[in-house]
Amino acid sequence: LRELVSRLHQRGVQVFLVSGGFQSIVEHVALQLNIPTANVFANRLKFYFNGEYAGFDETQPTSESGGKGKVITHLKEQFHFKKVVMIGDGATDMEACPPGDCFIGFGGNVIRKQVKEKAKWYITHFDELLKELEE
């Protein structure tokens, strides 16, 4: 993944992480991949002043059904992207296309039957995408 993101950056492609996970964890991954934290869209945890857990920030688009698609729509409007490619291992990633223009199913961590069967392009290792970038 690190090599794929690096090659995309070399080509001037902006990379975003759109996740139903928690921002504090996803931002750590983003930093490891040299992705700006401004390019992370994930759920935020909320805490009371005394430090007790207060839930999650329900105003984040990724906290609701169809939220990843809302993020893609926002990115297309904000940056005027002509094409947005979504790579993911889950149904919510696949459901974000449209508004995303292409979905690549990923089964390198876990193979989800629904994603594998419905994705037009399904990979199990990022080397497959690196080879495509070489061509």
Side-chain angles (χ1 to χ4, degrees):
L1 179 57
R2 190 181 315 257
E3 179 66 22
L4 175 63
V5 171
S6 176
R7 292 234 192 127
L8 291 170
H9 283 159
Q10 289 170 3
R11 291 173 169 231
V13 175
Q14 290 190 61
V15 178
F16 296 84
L17 296 179
V18 182
S19 174
F22 297 115
Q23 184 133 5
S24 57
I25 296 168
V26 180
E27 282 182 349
H28 179 72
V29 173
L31 291 172
Q32 299 298 311
L33 298 172
N34 294 315
I35 297 171
T37 55
N39 289 11
V40 173
F41 294 85
N43 293 313
R44 292 187 189 135
L45 296 174
K46 295 190 315 187
F47 296 91
Y48 295 109
F49 289 112
N50 66 2
E52 289 182 31
Y53 174 69
F56 61 93
D57 184 351
E58 295 175 8
T59 66
Q60 297 301 307
T62 53
S63 71
E64 59 188 51
S65 179
K68 291 180 181 180
K70 290 178 183 178
V71 171
I72 290 175
T73 297
H74 166 75
L75 293 174
K76 285 180 139 183
E77 291 171 356
Q78 181 177 359
F79 295 104
H80 306 287
F81 292 138
K82 292 180 183 172
K83 298 279 182 190
V84 173
V85 176
M86 183 79 165
I87 302 171
D89 66 357
T92 60
D93 302 307
M94 190 168 49
E95 291 167 357
C97 294
D101 300 288
C102 175
F103 172 72
I104 300 171
F106 179 69
N109 297 321
V110 62
I111 295 176
R112 292 187 170 90
K113 184 179 176 183
Q114 177 186 15
V115 175
K116 185 174 183 179
E117 290 175 353
K118 292 185 178 181
K120 292 180 183 176
W121 189 3
Y122 191 83
I123 62 169
T124 56
H125 200 281
F126 288 113
D127 283 347
E128 297 171 62
L129 295 178
L130 289 169
K131 288 177 188 173
E132 290 295 321
L133 288 175
E134 291 173 1
E135 295 178 8

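Remark: Glu27 pairs with Gln23 by the side chain to side chain donor-acceptor pair (under 3.5 Å) rule, at least two apart or across chains. Listed by chain and number, the residues in a side chain to side chain contact (heavy atoms under 4.5 Å, CB included) with Ser6 are Gln10 (sequence neighbours excluded). Applying the side chain to side chain donor-acceptor pair (under 3.5 Å) rule to Glu52 yields the partners Asn50; only residues at least two apart in sequence or on another chain are considered. With sequence neighbours excluded, the residues satisfying ring pair (Phe, Tyr, Trp, His ring centres under 6.0 Å) with Phe106 are Phe126. For Glu3, the salt bridge (charged side-chain N to carboxylate O under 4.0 Å, His left out) partners at least two apart in sequence or on another chain are Arg7. Remark: His125 engages Asp127, Glu128 in a side chain to side chain contact (heavy atoms under 4.5 Å, CB included) (not counting sequence neighbours). Among residues two or more places apart in sequence or in another chain, the side chain to side chain donor-acceptor pair (under 3.5 Å) test is passed with His74 by Gln78. In this structure Val15 satisfies the side chain to side chain contact (heavy atoms under 4.5 Å, CB included) test together with Val5, Leu8, His9, Ile35, sequence neighbours excluded. Taking Tyr122 as the reference, nothing meets the ring pair (Phe, Tyr, Trp, His ring centres under 6.0 Å) condition, with sequence neighbours excluded. For Thr92, the side chain to side chain donor-acceptor pair (under 3.5 Å) test picks out Lys68, with sequence neighbours left out. With sequence neighbours excluded, the residues satisfying salt bridge (charged side-chain N to carboxylate O under 4.0 Å, His left out) with Lys76 are Asp101.
Looking at Arg44, its side chain never comes within 3.5 Å of a backbone N or O of Phe22 through a donor-acceptor pair.
Counting all heavy atoms, side chain and backbone alike, Cys102 lies closest to Cys97 at O-SG, 3.3 Å. The two residues Gly69 and Pro99 come nearest to each other via the heavy atoms O-CG, 3.1 Å. Between Asn43 and Gly20, the closest heavy-atom pair is ND2-O, 2.6 Å. In terms of heavy atoms, Gly90 sits closest to Val115 at C-CG2, 3.6 Å.
Within the 4.5 Å cutoff, the side chain of Ile104 has heavy atoms near those of the Leu129 side chain. Side chains of Gln14 and Phe79 form a contact here, defined as non-hydrogen atoms less than 4.5 Å apart.
Note on residues 103-119: pairs passing side-chain hydrogen bond (donor to acceptor under 3.5 Å, both in side chains), not counting sequence neighbours, are Asp89-Arg112.
Put simply, CG on Asp93 and CE on Met86 are 4.5 Å apart, with the number rounded to the nearest 0.5 Å. For the atom pair CD (Gln32) and CG (Leu1), the distance works out to 11.5 Å, reported to the nearest 0.5 Å. A distance of 10.5 Å separates CG of Leu17 from CD1 of Ile87, quoted to the nearest 0.5 Å. Atom CG in Leu4 sits 9.5 Å away from atom CG in Leu33 (nearest 0.5 Å).
Ring orientation note: the planes of Phe41 and Phe16 are tilted relative to one another, at an angle of 30° to 60°.
Cluster membership for Val18 and Val40, using ILVMFWY side-chain heavy atoms within less than 4.5 angstrom, is not shared. Met94 and Ile123 fall into different hydrophobic clusters, defined by Ile, Leu, Val, Met, Phe, Trp and Tyr side-chain heavy atoms under 4.5 Å apart, directly or through other members.
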Side chain to side chain contact (heavy atoms under 4.5 Å, CB included) evaluation trace for Val84 with Leu75 | CA-CA 9 Å; Val84 173; Leu75 293 174; 5.6 Å; no

